[in-house]
There are 2 protein chains.
Amino acid sequence: MTKGLMVVLSGPSGAGKDTILHTLLQRDPRVKLSISATTRKPREGEVDGQHYYFVTREQFLAMRERGEVLESAEYCGNFYGTPEKPIRDWMAAGNDVILEIEVQGGAQVKQKCPDCVGIFILPPSIKELERRLRDRGTETEEAIQKRLDAACGEIQHARDYDYVVINDTVENAVEAIQNILRAEKYSKCRNFDTIEGVLNND
Amino acid sequence: MTKGLMVVLSGPSGAGKDTILHTLLQRDPRVKLSISATTRKPREGEVDGQHYYFVTREQFLAMRERGEVLESAEYCGNFYGTPEKPIRDWMAAGNDVILEIEVQGGAQVKQKCPDCVGIFILPPSIKELERRLRDRGTETEEAIQKRLDAACGEIQHARDYDYVVINDTVENAVEAIQNILRAEKYSKCRNFDTIEGVLNND
């Protein structure tokens, strides 16, 4: 059994990460989405162990203390983080696991797990990103400007990722990610054992 | 137009490089095979500019002096080398260009062109390689032993390549290479301009 990949997926709000992930997960059941732990209260309809692992502040801090989360951050007084164990279990079972996290979290994971695969999703242009954010029709002008400023800041970090995928169409972006996942299985850094195996096996 | 890739393909004799390349070139007309220059005389049926660029010793040494070959080597008193210009022209036209060369030449190209993609083709095992070499039925026991020794030496260099592909079946190996070529288009190191473009375009 080939071990699965750990994949960090980032990109600015409005780049279309959620739609891409939804399509990718539907298309390839071997791909799993990492589940975050959080100290915030579950919202209506959210299921523990499916949308999040809901934990207390004490539980979260203890997990982090024991080095059990790959990255963590605090928003609005709540902790969010990525527990490592479920990811490793999926990987060992041959699943590729996607961590959908923002660029600060992505940098933490890359430092802890240098062999993770970093993919950054780009909008075709900032203008197109603005159009998409406006089309949602759910945000004030001020909120949109804030998101656009944040997006430009995040895109500066695209260079820290292994791959850059422009979401011009969902179909193209999903295919690109599937290609990357397949190709990465052949990466030299994942195949030192393969080389040894060929030399030593009869 | 996306610029094509420069791909260095190596692997021991008997690993099946020629069959893989033949299938790949047939399947994808965008993939081109680099043509070597040589000072040896053309054999029956060999066409200049198709099988090789046939040049004089003086022409070859002048080309090399001018830095126009990516790698070169001398076998049995003849020079062989890879002229850079035709490769760059193909790449500019959007073609991926494959350089089928041995590991010493591969190392020279990687040093000159760090953004080339290195792929090493492995046999499933040394025993299987031996079986394939014997099945050819064209070589003496001594020649086979020499090839096997050389193969083990070459496989040590697989670690210097970006990707390692086991040729268990031609179909799998060709698909692996096609996946690698597609994925490499999204590699961060080929997309600095893309990132700038998104940030600066309206």
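Note on naming: letters A, B, ... go to the chains in the order of the sequence lines (proteins, then strands), and numbering restarts at 1 for each one.
- Within the 4.5 angstrom heavy-atom criterion, no atom of A:E175 approaches chain B.
- Within 6.0 Å of CD in B:Q111 there are 12 or fewer heavy atoms belonging to other residues, nucleotides or ligands.
- Only the backbone of B:Y161 has a heavy atom closer than 4.5 Å to any heavy atom of chain A.
- With chain A as the partner, the residue from B:N179, B:I195, B:V164, B:L199 showing the most heavy-atom pairs under 4.5 Å is B:N179.
- Contacts between B:I177 and chain A at a heavy-atom distance below 4.5 Å are absent for every atom of the residue.
- Your options are B:I180, B:I166, B:T194, B:L129, and the one with the most heavy-atom pairs under 4.5 Å with chain A is B:I180.
- Residue contact with chain B, scored on non-hydrogen atoms closer than 4.5 Å, is absent for A:L181.
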I'd like a table of donor-acceptor pairs (distance under 3.5 Å, sequence neighbours excluded) in which one partner is a side-chain atom from residues 17-26 of chain B, with atom names and distances.
{"residue": "B:K17", "atom": "NZ", "partner": "B:G11", "partner atom": "O", "Å": "2.7"}
{"residue": "B:T23", "atom": "OG1", "partner": "B:T19", "partner atom": "O", "Å": "2.9"}

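- Interface residue A:D162: only backbone heavy atoms are found under 4.5 Å from chain B.
- Scanning residues 131-156 of chain B against chain A with a 4.5 Å non-hydrogen threshold yields B:C152, B:I155, B:Q156, sorted by number.
- Here A:K188 is the residue among A:K188, A:E130, A:Q178, A:R190 with the most heavy-atom pairs under 4.5 Å with chain B.
- In this structure, A:Y163 OH and B:K185 NZ are separated by 13.0 Å, a value rounded to the nearest 0.5 Å.
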